[in-house]
Each structure stands twice: as C-alpha cells, then as structure tokens.
Amino acid sequence: MGYQRKKIALIGGGQIGQNLAMLAAMKELGDIVILDVPDYVNPVKGKALDLMEMAPHGNYDADIAGTGDYKDIEGADVVIITAGKPRVAGMTREDLLSTNIAIIKTVAEGIKQYAPKAFCVVLTNPLDAVVYAFYKLTGFPKNQVVGMAGTLDTARWRSFIAMELGVSVSDVAGTVLGGHGPDMVPLPRLTTVGGVPLTDIATQEQIDKLVHRTREAGTEIVKYFGKGSAFFSPAWSAIIMAESFLKDKKRVLPGAAFCEGEYGINGLFIGVPVMIGAKGVERIFEIKLTDEENAMLQKTAGVVKATVAETKL
Ligand code: APR
C-alpha cells in the first residue's frame with residue numbers, strides 16, 4: 001500500500017502465468033496481480049503467496065496477489081493474457097480456436113473495463129487469431145496490443161542454431177516472421193553468429209533441419225508433455241516485451257502486430273519485427289524480403305487469415 005510501482009496484471013495463472021509472475025518479480029517490474037477463473041482463484045492466491053515468501057531470496061520488493069475479480073487489475077500498466085486452454089498431444093493450435101475465443105471475450109471485457117490504458121501482450125493460442133479477436137473486442141488502438149509468438153519462435157531458432165553449431169547462444173542473432181504455426185518463416189539469410197552469416201557456416205542440410213525443428217518446436221514439447229504446452233520460454237519471451245514497454249527500452253523483437261499494408265498484409269496480426277517502447281508497438285520494421293521469403297510470408301498470412309475468418313469478428 002502506498003507504493004508507486006508499476007502494475008502488471010496476468011490474466012491466467014496456469015503454467016505460463018505462474019512463470020510470468022516469477023519472472024516479473026525477479027526482474028522487479030512492479031506489483032503483480034494474477035487473475036484466474038473462480039475454480040482456480042485459490043491456486044493463484046497460493047502461487048502469489050508462495051512468490052511473496054520467495055522475495056527474501058529473490059531479493060525483490062513487490063506486492064503479489066491472486067484474484068478472481070477484474071477490479072483488482074484496475075490501473076494495470078501491462079496486462080499479459082494466457083487465459084485459455086493449451087494444446088494436448090495430437091492437437092493443432094487451430095483446434096483451440098472456439099474454446100479460446102469464447103474465453104477471450106470475457107477477458108477482453110474485463111480488461112476494457114478496468115485497464116483500458118494497459119499495454120496488452122497476448123499469448124493464448126491460436127495466437128494470431130486470438131490477438132486479432134482481442135483487438136477487435138476491446139477496440140484498443142493497435143499500438144496497445146501485441147501477440148507474443150515471434151519472440152518465442154526466434155528464441156527457439158537461436159537456441160537450435162547454438163545447439164547445432166556448438167556456439168554461444170548469445171552470439172546468435174536472427175528473426176522469425178509470420179504466423180505462429182508450422183508455416184512460420186525463419187530467415188536464415190539474415191541470421192548471424194557473431195556477425196558471421198549463418199549461410200556461410202552451416203550446410204543447407206543443417207539449415208533445413210533447423211528451420212523444420214523451429215517450425216515444429218511447440219509440437220515437439222507438447223509430445224513430451226502429452227497434456228499441455230511449453231511454458232518457460234513463452235513466459236520469458238512475453239516478459240521481455242513487457243519490460244521493453246515498462247522501461248521504454250525500444251527493443252526490436254518479432255511480435256504479432258496489426259499490419260496495415262506492411263509486407264503487403266492488410267488487417268491482420270502477424271509476426272513482424274516491432275519496436276516496443278513506452279507507447280507500445282511504436283514501429284513495424286519492414287525487411288526487404290527475397291521473392292521466396294515473401295512467398296512464404298504470404299502463405300502464412302493466408303493461413304492466419306483463414307483462421308481469423310472463422311472467428312467471425
Ligand atoms: N479468465 C481467466 N483465466 C482463465 C479463463 C478465463 N476466462 N479461462 C481459463 N483461464 C485460466 C485457466 O484456469 C488456467 O489457469 O488460464 C490458465 C491457463 O493455464 P494452463 O492451462 O496451464 O495453460 P498455459 O500452458 O499457461 O497456456 C496458456 O497460452 O501458449 C498458450 O496454447 C497456450 O492457449 C494456451 C495459453
């Protein structure tokens with residue numbers, strides 16, 4: 001009470017949500033509210049209390065609370081949305097569409113009422129369609145809404161390259177564009193390892209394998225879990241986006257942003273390089289793609305468009 005900290009609201013306190021809470025605390029981004037459905041309020045209260053009790057070791061000061069009441073997110077600076085069902089083995093992200101769109105309707109209503117100025121980072125799958133639905137349902141300005149997928153896909157791309165080549169992941173730079181699905185577009189041509197082009201030090205066969213593994217990375221993890229999907233890496237990816245907003249870092253990260261002509265894509269959220277600062281998505285960077293890269297991007301845009309059409313929003 002009486003603190004002037006930033007406020008982070010997490011809608012959904014499941015696997016990703018609880019990791020978001022821990023990372024936000026460890027990074028001292030602000031006070032944290034974890035909101036979940038009535039049946040899951042006690043678990044999120046328990047998670048919040050557990051994190052309060054971790055503070056002496058984590059060396060952070062933050063109020064962390066669990067709730068089922070949207071009033072408690074009032075005045076949030078950032079809202080991160082993971083409310084919704086995750087995949088189970090054998091499911092595509094699209095299979096989650098109707099369930100998660102229904103959930104996002106109530107979520108959008110609550111956020112619109114209590115945190116209408118918050119920068120909103122959406123993670124719920126199928127990501128590109130859900131973030132579109134959230135944008136439509138809230139009517140928020142486009143710079144206030146971003147989907148977290150490309151930052152995760154790029155982290156996976158960089159990790160797999162480092163693993164394959166036996167180099168430090170810190171020196172692998174690159175980006176993945178497009179929708180969050182098996183048609184996503186990693187860009188080997190623009191990927192470097194300590195400034196050295198990936199295409200100079202990896203064979204085409206290695207690159208093809210890395211592209212494939214990145215596209216299927218989410219599914220690879222779902223297969224291990226059986227029920228449920230990845231949570232550590234998605235959580236950290238979203239926290240980086242939130243942090244860039246809160247600290248006006250102006251990081252350039254791949255994120256699902258509302259395109260209005262960029263890359264020839266109109267009226268869709270899709271993964272593109274965005275600059276995130278105090279005004280949210282402040283800029284979309286356009287890469288001069290080759291014809292082949294552009295064809296792949298247009299293909300994934302087509303898939304996203306079809307999924308969005310199913311939402312009827
Ligand atoms: N409001 C708030 N929370 C909700 C709502 C709702 N209407 N509906 C469901 N939830 C909560 C669930 O109770 C659960 O605690 O969302 C949480 C989701 O957590 P998990 O089931 O553990 O799923 P998680 O792995 O965190 O993934 C969440 O992100 O990456 C995507 O595909 C993934 O769509 C999934 C989402």
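Just so you know, ligand 1 is whichever comes first in the structure, and atom 1 is the first atom listed for that ligand.
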Practice prompt. Check step by step if side chain to side chain donor-acceptor pair (under 3.5 Å) holds for Y40 and K45.
Written response: CA-CA 9 Å; Y40 209 67; K45 284 189 175 189; over 6 Å; no
Worksheet entry | CA sep, side-chain torsions, deciding dist, call: E109, Y70, side chain to side chain contact (heavy atoms under 4.5 Å, CB included) | CA-CA 10 Å; E109 219 170 276; Y70 275 94; over 6 Å; no
Practice prompt. Go through the steps to decide whether T191 and R158 satisfy the test side chain to side chain donor-acceptor pair (under 3.5 Å), and finish with yes or no.
Written response: CA-CA 9 Å; T191 299; R158 290 174 57 199; over 6 Å; no
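Partner of R5 under the side-chain hydrogen bond (donor to acceptor under 3.5 Å, both in side chains) criterion, chosen from D61, D31, D63, D77: D31. Among K6, K250, K27, the single residue meeting the salt bridge (Lys or Arg N to Asp or Glu O under 4.0 Å) criterion with E243 is K27.
Looking from atom 20 (P) of ligand 1 to the surrounding protein, the closest heavy atom is Q15 N, 3.9 Å. Of the protein's non-hydrogen atoms, the one nearest atom 2 (C) of ligand 1 is A83 CB, 3.7 Å. Closest to atom 31 (C) of ligand 1, if we only count protein heavy atoms, is L123 O, 3.4 Å. Ranking protein heavy atoms by distance to atom 7 (N) of ligand 1, first place goes to I103 CG2, 3.4 Å. Protein heavy atom nearest atom 14 (C) of ligand 1, with residue, atom name and distance: D36 OD2, 3.6 Å. If you check which protein heavy atom lies closest to atom 28 (C) of ligand 1, you get T82 O, 3.0 Å.
Under 4.0 Å from ligand 1, the heavy atoms of T106 that appear belong solely to its side chain.
An N or O contact shorter than 3.5 Å links N125 to ligand 1 by distance. Polar contact with ligand 1: present for I16 (N/O pair, distance under 3.5 Å). Not one N or O of Y70 is nearer than 3.5 Å to an N or O of ligand 1, by distance alone.
Pairs engaging residues 253-269 under the salt bridge (charged side-chain N to carboxylate O under 4.0 Å, His left out) rule: K142-E260 [sequence neighbours left out].
Residues L96 and P126 meet the side-chain proximity criterion, which asks for heavy atoms closer than 4.5 Å. When side chains are defined from C-beta on, I276 does not count as touching R251, because their heavy atoms never get closer than 4.5 Å.
Interface of Y40 with ligand 1, defined as ligand atoms under 4.0 Å from a residue heavy atom, comprises 15 (O). Distances below 4.0 Å separate heavy atoms of T124 from the following atoms of ligand 1: 29 (O), 34 (O). Less than 4.0 angstrom separates some heavy atom of N100 from each of these atoms of ligand 1: 34 (O).
Side chains of T67 and D72: a donor-acceptor N/O pair is present below 3.5 angstrom, by distance only. With hydrogens and angles left out, the side-chain atoms of H180 and D153 include a donor and acceptor closer than 3.5 Å. With no hydrogens or angles considered, no side-chain donor-acceptor pair links N19 and Q15 at under 3.5 Å.
In this structure, F231 does not count as a contact residue of ligand 1, since none of its heavy atoms falls inside 4.0 Å of the ligand.
In this comparison of H180, K85, K227, the heavy atom closest to atom 34 (O) of ligand 1 sits on K85. When the options L35, V37, D39 are ranked by their closest heavy atom to atom 6 (C) of ligand 1, first place goes to V37. Around atom 21 (O) of ligand 1, the closest heavy atom drawn from G228, P86, G14 belongs to P86. Across P43, A102, G84, G13, heavy-atom proximity to atom 18 (C) of ligand 1 is greatest for G84.
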